[in-house]
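Everything below concerns the one structure shown next.
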Amino acid sequence: MVRRRDPLRPPTKPLLALGLEGSANKIGAGVMQHLPDGTTAVLSNVRHTYNPPPGEGFLPRDTAEHHRQWVHKVINDAISKAGISMHDLDCICFTKGPGMGAPLQSVAVVARTLSLLFRKPLIGVNHCIGHIEMGRLITGAQNPVVLYVSGGNTQVIAYSRQRYRIFGETLDIAVGNCLDRFARVIGLSNDPAPGYNIELEAKRGKRLLPLPYATKGMDVSFSGLLMATEAYTTDKRYRASSTGASDEEDIITPADLCYSLQETVFAMLVEITERAMAHIGSKEVLIVGGVGSNVRLQEMMGVMAKERGGLVFAMDERFCIDNGIMIAQAGLLSYRMGFETTLADSTCSQRFRTDEVAVAWRA
Amino acid sequence: MTTVFKLDDADIISQGAEAKVYHVQLHPSPSPRICIKHRFQKTYRHPTLDAQLSRSRLQAESRVLVRCLRAGVNVPVVRLVDLDGGLLGTEWIDGMSVRRILGGGDEGVLEDDDDDDVAEEDADEHLQKFAVTKDELMRLIGHEIGKLHLADIIHGDLTTSNMMLRTRMADAPAQLVLIDFGLAFNSTLVEDKAVDLYVLERAFASTHPDSEPLYATVLDEYARVLGKAWDPVKRRLDDVRLRGRKRSMVG
């Protein structure tokens with residue numbers, strides 16, 4: 001097959017983009033640079049996270065309020081760390097969706113204002129595409145199967161003909177949501193992230209408890225699994241305060257539950273990813289999204305990929321967890337293809353599927 | 001009768017996500033060669049979880065195959081089941097996967113390392129070889145799934161890779177065989193049938209973007225086979241499609 005020519009031409013001058021992200025509980029700003037020689041540079045990547053007290057999730061109103069309070073500082077920091085001025089920018093990119101309505105809007109307002117104030121074109125970016133493009137940039141993966149796992153999304157994606165097509169996804173709640181909600185049930189802290197605390201707790205777990213394993217073709221379902229895990233906390237054998245049980249005792253600790261939960265949900269995710277790989281004949285996997293920073297998931301994916309003679313690309317929390325720079329990267333790519341969002345179209349949406357975006361910049 | 005053979009010596013046909021598939025000569029010729037599906041250990045999974053999943057899936061798969069045969073659905077005949085070894089032996093189907101016939105390349109076939117070439121294969125040529133039109137092929141698919149669902153069996157992983165067109169003997173009519181019942185289960189629920197159809201719909205959309213309109217023909221024939229039972233499935237299928245779109249609002 002003749003490889004199609006890369007539609008993305010090198011820029012004629014250095015390009016700078018500011019990316020603004022606030023679709024969930026993180027407000028992020030980053031400055032991305034694309035140079036005429038084809039290289040790219042992350043000039044700054046600033047983020048602030050809203051952490052509700054233990055046992056609570058982040059509510060849209062409070063999260064939006066947090067974003068409004070922090071947006072100036074985050075943007076100022078991003079601009080000064082990059083060592084540029086607002087006037088040097090070529091475009092301003094913001095998250096158009098998907099995400100929580102109120103936080104999305106609070107950031108979109110800022111993006112529109114900056115665009116009008118400094119007369120810069122506005123680029124609306126799909127959050128998921130941002131994750132994928134940042135992952136490709138950082139890891140150098142060419143055409144991977146993408147597992148996008150976060151608090152709001154769980155999708156297995158592969159590129160084909162100008163679209164990132166969704167091969168499998170969750171039928172109910174996202175995997176991060178499942179982990180976070182269970183963290184709340186057992187009262188783990190939301191700082192730095194509930195999922196991270198589950199990961200730490202799981203390391204001390206010894207016992208694998210039977211949980212429902214719900215894969216349907218290439219789709220997965222987590223809500224029943226979450227309920228089943230929660231049900232163990234009312235089991236007679238459950239000891240909320242127990243940390244390390246001796247092996248003979250028939251008790252269930254929070255660590256055991258975290259361990260069982262992680263082992264089961266990650267096995268499901270790796271399984272559907274493997275299915276997608278087998279289906280399209282790809283040997284590369286790219287893990288993006290907040291849950292992607294979980295080392296156990298990366299490890300399991302690594303074993304699977306190795307068995308298939310493939311490779312896993314994963315990132316650390318700077319680029320895995322929601323950030324502004326990924327929005328700048330995806331935005332700048334579409335800007336270079338001549339895409340621009342008019343002020344009238346600069347709305348945001350809670351529902352904006354990955355496969356709705358025409359990916360003009362790939363062959 | 002003992003079944004002494006080594007998988008290492010057998011011809012490996014493909015490595016799917018679930019298992020490796022071999023073409024094995026179980027008994028000396030002229031007894032026909034059979035297809036062996038080996039669910040090898042998935043080392044990424046917790047061993048307990050893995051053993052439990054493999055065992056239950058193998059058991060379920062062989063039971064469903066037998067049920068299918070009884071209901072007259074075209075599936076490979078079961079020849080051997082070894083729960084401890086993770087082996088399922090079935091009749092060898094001589095033919096080609098629908099995915100390949102429609103020009104979508106083949107799934108995980110080891111001989112074709114260069115997947116770029118496969119995508120270029122000409123669909124028309126394959127269709128000619130099997131002497132069916134695209135329309136007839138879609139009807140065959142709809143027909144088999146209809147029979148399957150009438151028997152209250154849900155395939156669970158309906159993709160074009162999991163359907164084969166048997167090589168025709170002389171004037172025998174074209175026969176479509178459903179394979180890989182690894183995720184199959186019994187259910188009378190309209191919901192499960194609708195989801196099953198939806199899985200195939202999505203597989204069509206992602207692997208054969210050009211053939212997507214043809215999917216309507218599949219449903220048309222399916223509806224004919226189901227008769228009165230079609231209306232509730234149709235209504236639920238419309239629901240499931242909407243549900244798919246709603247998913248993106250999560251979070």
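If you're wondering where the values come from, they're calculated on a predicted model, not measured in any experiment. Reminder, nothing fancy here: chain letters follow the sequence lines and each chain counts from 1.
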Is the positively charged end of A/R362 above the ring of A/Y159, judged by distance under 6.0 angstrom from the centroid and angle within 45° of the axis?
yes
Between A/T154, A/L211, A/V270, which residue shows the highest count of heavy-atom pairs closer than 4.5 Å to chain B?
A/V270
Enclosure of A/R184 CZ (heavy-atom neighbours >12, cutoff 6.0 Å)
yes
Which one of A/T264, A/I166, A/L208 has the most heavy-atom pairs closer than 4.5 Å to chain B?
A/L208
Can you check whether anything in residues 47-60 of chain B gets within less than 4.5 Å of chain A, heavy-atom wise, and list it by number?
B/T48, B/L49, B/L53, B/R57
Choice from A/R163, A/M277, A/E274 maximising heavy atom contacts with chain B below 4.5 Å
A/E274
Residues two or more places apart in sequence or in another chain: which of them pass side chain to side chain donor-acceptor pair (under 3.5 Å) with A/E284?
none
Checking B/A203 against chain A: side chain, backbone, both or neither under 4.5 Å from a heavy atom?
neither
Give the member of A/M304, A/R165, A/K306 that has the highest number of heavy-atom pairs under 4.5 Å with chain B.
A/M304
Closer than 4.0 angstrom, basic N to acidic O: yes or no for A/R296 and A/E199?
no
For B/S187, the side chain to side chain contact (heavy atoms under 4.5 Å, CB included) test, sequence neighbours excluded, returns B/I154, B/F185, B/L189, B/D192
Side chain, backbone, both or neither: which part of A/F58 has an atom under 4.5 Å from a heavy atom of chain B?
neither
Is any side-chain N of the basic residue among B/R235 and B/D239 closer than 4.0 Å to the acidic one's carboxylate O?
no
Non-hydrogen side-chain atoms of B/F204 and B/T160 separated by less than 4.5 Å
yes
Residues forming a ring-ring contact (aromatic ring centres under 6.0 Å, His included) with B/F181, sequence neighbours excluded
B/H155
Which bit of A/E271 comes within less than 4.5 Å of chain B, counting heavy atoms only: side chain, backbone, both or neither?
both
Tell me, side chain or backbone of A/Y213 under 4.5 Å from chain B's heavy atoms, or both, or neither?
side chain
Any heavy-atom pair between the side chains of A/L179 and A/P194 that's under 4.5 Å?
no
Greatest number of heavy atom pairs closer than 4.5 Å to chain A - which of B/L158, B/T43, B/V195:
B/T43
Check the orientation of A/Y148 and A/H131. Use parallel for under 30°, tilted for 30 to 60°, and perpendicular for over 60°.
tilted
